[in-house]
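Heads up: the structure comes next, in structure tokens.
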Amino acid sequence: MTAFRTPRSHTDRLRNRIADGDTGRVADEALRIMDSSRGSWGGGWEQVLDQLRALPADNRRELLHALADRFDQAGDDTEARCRHLALCALVSEGLGGAENLTLRS
């Protein structure tokens, strides 16, 4: 189970992961955030999406591939899989060129 964190603490952690430049760690943190928010983007959680959407296009594409590589981590949990897919959709919004994305399960 994921420890409860506030939207602000997640936003700070995500900002640090982005600054580190490690796409895998950004993907891991984004998935933890999806778990904590339960897919709800109100009440401060939208700041997380703002950070992800502010990434340059190439970084967002790398993030999408990192998220796709982690899709099997959701296992058989339907809600977790839906949150994962929603995150991919939100990150790719307006991006184009994500047609080569393959989710593995």
Side-chain angles (χ1 to χ4, degrees):
M1 176 182 249
T2 303
F4 178 77
R5 291 190 172 93
T6 65
R8 175 61 187 222
S9 67
H10 274 298
T11 302
D12 292 343
R13 285 174 56 92
L14 183 61
R15 184 179 304 112
N16 291 337
R17 301 295 182 261
I18 291 169
D20 290 343
D22 185 337
T23 303
R25 291 184 74 197
V26 172
D28 292 338
E29 189 64 30
L31 290 169
R32 275 192 290 276
I33 292 167
M34 283 296 290
D35 212 26
S36 291
S37 73
R38 304 236 188 264
S40 172
W41 294 108
W45 293 107
E46 67 276 359
Q47 294 172 8
V48 169
L49 286 180
D50 291 344
Q51 285 187 48
L52 295 174
R53 287 179 179 147
L55 291 171
D58 287 343
N59 294 80
R60 287 172 58 202
R61 283 188 187 91
E62 287 178 28
L63 177 57
L64 281 171
H65 285 280
L67 289 169
D69 290 344
R70 288 159 173 74
F71 187 69
D72 63 337
Q73 293 176 0
D76 293 333
D77 183 342
T78 302
E79 288 184 27
R81 292 168 70 87
C82 288
R83 287 191 301 266
H84 198 123
L85 289 171
L87 179 60
C88 288
L90 292 165
V91 168
S92 68
E93 186 177 355
L95 190 57
E99 60 273 357
N100 296 324
L101 190 65
T102 303
L103 300 176
R104 296 169 189 81
S105 65

Requested in this report: Let me see the working for L52 and V26 under side-chain contact (heavy atoms from CB on, under 4.5 Å), right down to the final yes or no.
Outcome: CA-CA 9 Å; L52 295 174; V26 172; 4.1 Å; yes

Query - Heavy-atom closest contact (L67 atom, H84 atom, distance) - result: O-NE2, 2.7 Å

Report summary line: Interatomic distance, CZ@R83 vs CG@D77, rounded to 0.5 Å, equals 6.0 Å

Query raised in the report: So, for R60 and S92, which heavy atoms are closest and what is the spacing to 0.1 Å?
Result: NH2-C, 3.8 Å

Query raised in the report: Between A30 and L87, which heavy-atom pair has the shortest distance, and what is it?
Result: CB-CD2, 3.8 Å

Query - Closest heavy-atom pair and its distance - T11, Q51 - result: CG2-NE2, 2.5 Å

Report task. Flag yes if more than 12 heavy atoms outside D76 fall under 6.0 Å of its CG atom; otherwise flag no. Result -> no

Query raised in the report: Which is it for H10 and Q47 under the side-chain contact (heavy atoms from CB on, under 4.5 Å) test, yes or no, and what are the steps along the way?
Result: CA-CA 9 Å; H10 274 298; Q47 294 172 8; over 6 Å; no

Report summary line: Rounded to the nearest 0.5 angstrom, the CZ-CD distance for R13 and E29 is 4.0 Å

Query - Pair R32 + D35, salt bridge at N-O below 4.0 Å - result: no

Report summary line: Looking only at heavy atoms, the pair that brings A86 and M34 closest together is CB-CE, 4.4 Å

Query - Spacing of CG belonging to D28 relative to CZ belonging to R70, to within rounding of 0.5 Å - result: 4.5 Å

Query raised in the report: Is a side-chain N or O of R81 found less than 3.5 angstrom from the main chain of G75, in a donor-acceptor match?
Result: yes

Requested in this report: Identify which one of L95, D69, T23, N59 satisfies the side-chain contact (heavy atoms from CB on, under 4.5 Å) criterion when paired with L64.
Outcome: L95

**Report entry** Test: R8 and D12 ion pair at under 4.0 Å
**Finding:** yes

Query raised in the report: Taking 4.0 angstrom as the limit, do R61 and D58 come out as a salt bridge?
Result: yes

